[in-house]
2 protein chains.
Amino acid sequence: MPSIAQHAVNAGEVSSYPTLTDLLARSRDARLDALCRPHVLGTQGRRQIESIPLRARSVKAGGMLFSPGEGLHAVYLVRAGMFKTQLVNLDGDRQITGFHFPNELIGLDAFRAREHDCYATAVVASRVQVLPIHRLNALMRQVPALAETMTKLLSENVTEYEQLLMLTNTQSALGRVAGLLFSFACRLGDHNQPADVLYLPMSRASIANYLGLALETVSRTLHELETRDIVLRRNNKTIDIRDLDALAALIGITTTS
Amino acid sequence: MPSIAQHAVNAGEVSSYPTLTDLLARSRDARLDALCRPHVLGTQGRRQIESIPLRARSVKAGGMLFSPGEGLHAVYLVRAGMFKTQLVNLDGDRQITGFHFPNELIGLDAFRAREHDCYATAVVASRVQVLPIHRLNALMRQVPALAETMTKLLSENVTEYEQLLMLTNTQSALGRVAGLLFSFACRLGDHNQPADVLYLPMSRASIANYLGLALETVSRTLHELETRDIVLRRNNKTIDIRDLDALAALIGITTTS
DNA sequence: CGCCTTGTTGATGACGCTCAAGATATGTGG
DNA sequence: CCACATATCTTGAGCGTCATCAACAAGGCG
């Protein structure tokens, strides 16, 4: 009921919001569940973390936040911009393992082996807040619920890999790109932002690497989605989602109850 | 030097062992490093675990060891046979995430979220030893080194996902199958077993699912490997590796120095 | 021994990769 | 601010790889 009042503020613009929200809620149990909500702090967890005095840090586009081998000094809460995490093996092959939105935590990988195993790079000029590990540990001792939250976040981190593996192993190019967009939309929605306008600051090559496709295929697939009136490209980096139902259908997610 | 005496026992048969071992050792830093050595207990860790009184458990072919939602009661040390772990989402799609050899630990996934997130199924009649979690916890308090070992194993668990993702996202069918075989060979070698005779008890469909291929493609690829004299098929389930160099080359692993 | 599951092999075509050219965006120095 | 240079993206053409469909062979089990 309170939400109706909110919507009334600019009802003309946001008339589609409820439907979108419904869709996301209804697809919560579906295939891409975890891929859609990685590293999201619940209201409770966020409040806990917000009680820690946080140092801010800016990272310019292409800048590195941490790299493999670095010890577990801190985890980072993305505040603005976007990061990608990527593995690089000794042959120099890269594998992007995730894109990270504002309000998502990165650096959790270091919790496993006491050091980071991937590069975290800013896709665009970005800003993070630094959670020093000793402070986090101290707070976890005080607030057991936070420790649980961290465990859960770590677990979701792995579930992301599982979902990505499933996506790339079972879906066609169309399904993979759709999965990416759907994931982005869900995550924006989770952060109470309009989920029908997606900003894709990363290069096509990055998307392609993430999804296991050629970069031309990503381009063509986005074009195909536009042809089908599922998305609308404003420009290179910005697309509108016009038919989330159809998008979900492409990856086999049943949004209708 | 002692190893020479061992080899002398049946020198004719095992003349190729040293080379194989060398290869594996030299490729230790390479692409599939972690995929090749998952859940391996070091001598030290194994000795620690062997001090726990272990209950044995037999699982017949197709039998289930644990399934998603089950709490963290125990982890399991495979003693004989083979297991596969697989995710199943609500749409019923399966994704096999690993095959597990004797001397490897399974069930670690439950350490993350306090409950299992996958099915562990015996591929053939198998036997495990059960490590009750309360005993493991008790021992970890006594022996800090064991706790470290567990952390490391958990980390390797995730690294497996990363390696598998990289394998399926960057390699062709030939490379993927080669990667699987190479991984199996490495793991046999790690357990001091002849690494040039591979037993593949799982179905082609399972291999295909794991690698993100059609089952027919797996069949054809094995045939192709035989045509190139890289492997020799004794029968459906057993193949000899005749040229590990070539196998490694297929996945871009440089085994020479 | 016969049924049924699993694996192999063949033919065909679609999907997506590669190579190449052109278009658009981004950045830089005058 | 514009012109130029560079990087990124798009679009096209051609082809290779692998999925699909189908038939057959082989292995496993009652």
Side-chain angles (χ1 to χ4, degrees), chain A residues 60-63 82 84 93-94 96 121-125 167-180 198-228 231-239 250-251, chain B residues 60-63 82 84 93-94 96 121-125 167-180 198-228 231-239 250-251:
Chain A
K60 60 185 171 188
M82 182 170 293
K84 65 181 178 191
D93 302 326
R94 306 181 315 140
I96 293 175
T121 314
V123 172
V124 290
L167 189 72
T168 58
N169 265 9
T170 66
Q171 297 285 334
S172 67
L174 204 56
R176 295 185 206 187
V177 173
L180 181 82
L198 300 186
Y199 180 49
L200 307 174
M202 73 292 289
S203 68
R204 297 288 187 260
S206 289
I207 296 176
N209 179 284
Y210 178 72
L211 295 175
L213 297 171
L215 67 88
E216 296 94 329
T217 304
V218 174
S219 220
R220 271 185 261 266
T221 304
L222 286 173
H223 179 77
E224 170 70 16
L225 286 173
E226 192 166 28
T227 302
R228 299 195 190 185
V231 306
L232 175 71
R233 281 190 288 183
R234 294 191 185 181
N235 58 54
N236 271 346
K237 307 291 189 192
T238 313
I239 68 172
L250 284 179
I251 41 181
Chain B
K60 59 185 173 188
M82 182 169 292
K84 65 180 178 191
D93 302 326
R94 305 182 314 141
I96 293 175
T121 315
V123 173
V124 290
L167 189 72
T168 58
N169 265 10
T170 66
Q171 298 284 333
S172 66
L174 204 55
R176 295 185 206 187
V177 173
L180 180 82
L198 300 186
Y199 181 49
L200 306 174
M202 73 291 289
S203 69
R204 297 287 187 261
S206 289
I207 296 176
N209 180 283
Y210 178 70
L211 295 174
L213 297 171
L215 66 88
E216 296 95 329
T217 303
V218 174
S219 220
R220 271 185 261 266
T221 304
L222 286 173
H223 179 77
E224 169 70 16
L225 287 172
E226 191 165 30
T227 301
R228 298 196 191 185
V231 306
L232 174 72
R233 281 190 287 181
R234 294 191 184 182
N235 56 55
N236 270 344
K237 306 292 191 191
T238 313
I239 68 172
L250 284 179
I251 40 181

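Fair warning: this is a prediction, and the values are worked out from it, not measured in the lab. Naming: A, B, ... by sequence-line order, numbering from 1 per chain.
- Contact annotation: B:Thr217 reaches the phosphate of D:dA19 (side-chain N/O to OP1 or OP2, under 4.0 Å).
- The residue from B:Val231, B:Ile251, B:Thr217, B:Leu222 that alone fulfils the side-chain contact (heavy atoms from CB on, under 4.5 Å) condition with B:Val177 is B:Leu222.
- When side chains are defined from C-beta on, B:Ile239 does not count as touching B:Leu225, because their heavy atoms never get closer than 4.5 Å.
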Please tabulate, one pair per line, each protein N/O and nucleotide N/O from nucleotides 24-29 of chain D that are separated by under 3.5 Å, including the distance.
none

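- Inter-residue side-chain proximity for B:Leu232 and B:Glu226 is flagged as met; some heavy-atom pair is nearer than 4.5 Å.
- Both A:Val218 and B:Pro201 sit near DNA chain C, but only B:Pro201 has its closest nucleotide nearer the 5' end.
- Between A:Asp93 and B:Thr170, the closest side-chain pair of non-hydrogen atoms is not below 4.5 Å.
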Protein-nucleotides 12-15 of chain D N/O pairs closer than 3.5 Å?
residue: D:dG12; atom: N7; partner: A:Arg220; partner atom: NH1; Å: 2.8
residue: D:dG12; atom: O6; partner: A:Arg220; partner atom: NH2; Å: 3.2

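- Counting any heavy atom pair closer than 4.0 Å across all strands shown, A:Leu213 reaches sugar-phosphate atoms only and no base atom.
- Side-chain contact between A:Asn209 and B:Asn169 is absent, with no heavy atoms from C-beta onward closer than 4.5 Å.
- The nearest whole Å value for the distance from the CD atom in B:Gln171 to the P atom in D:dT17 is 14 Å.
- A donor-acceptor pair under 3.5 Å is formed between the side chain of B:Arg176 and the backbone N or O of B:Gly212.
- Take B:Glu216 and apply the salt bridge (Lys or Arg N to Asp or Glu O under 4.0 Å) test, not counting sequence neighbours, and it matches no residue.
- Direction of the helix axis in the helix from C:dC1-D:dG30 to C:dG30-D:dC1 shifts by 50° between the two five-pair termini, rounded to 10°.
- Atom CG of A:Leu222 and atom C1' of D:dT8 are 14 Å apart (whole Å).
- For B:Arg94, there are no salt bridge (Lys or Arg N to Asp or Glu O under 4.0 Å) partners at least two apart in sequence or on another chain.
- Of all nucleotides in DNA chain C having an atom under 4.0 Å from a heavy atom of chain B, the first and last in 5' to 3' order are C:dG7 to C:dA11.
- Atom-to-atom, CG of A:Leu200 to C1' of D:dT8 comes out at 14 Å; the value is rounded to the nearest Å.
- Contacts of B:Arg176 with the nucleic acid, taken as non-hydrogen atoms under 4.0 Å apart, are absent.
- Taking atom CG of A:Leu215 as the reference point, atom C1' of D:dT11 lies 12 Å away to the nearest angstrom.
- With sequence neighbours left out, the side chain to side chain donor-acceptor pair (under 3.5 Å) criterion links A:Ser203 to A:Ser206.
- In this structure, A:Asn209 atom CG and D:dT8 atom P are separated by 14 Å, rounded to whole Å.
- The minimum heavy-atom distance between A:Thr168 and A:Tyr210, with the atom names listed, is CG2-O, 4.3 Å.
- Nucleotide D:dT10 holds its C1' atom 15 Å from the CD1 atom of A:Ile239, rounded to whole Å.
- Look at A:His223 and you won't find any side-chain N or O under 4.0 angstrom from OP1 or OP2 of D:dT10.
- Residues forming a side chain to side chain donor-acceptor pair (under 3.5 Å) with B:Glu224 (at least two apart in sequence, or on another chain): B:Arg228.
- Of the possible donor and acceptor atoms, none in the side chain of A:Gln171 sits under 3.5 Å from a partner among the backbone N and O of A:Gly179.
- Close to D:dT10, at under 4.0 Å from its OP1 or OP2, lies a side-chain N or O of A:Arg233.
- Here B:Thr238 pairs with B:Asn235 under the side chain to side chain donor-acceptor pair (under 3.5 Å) rule; sequence neighbours left out.
- Remark: B:Ser219 pairs with no residue by the side chain to side chain donor-acceptor pair (under 3.5 Å) rule, at least two apart or across chains.
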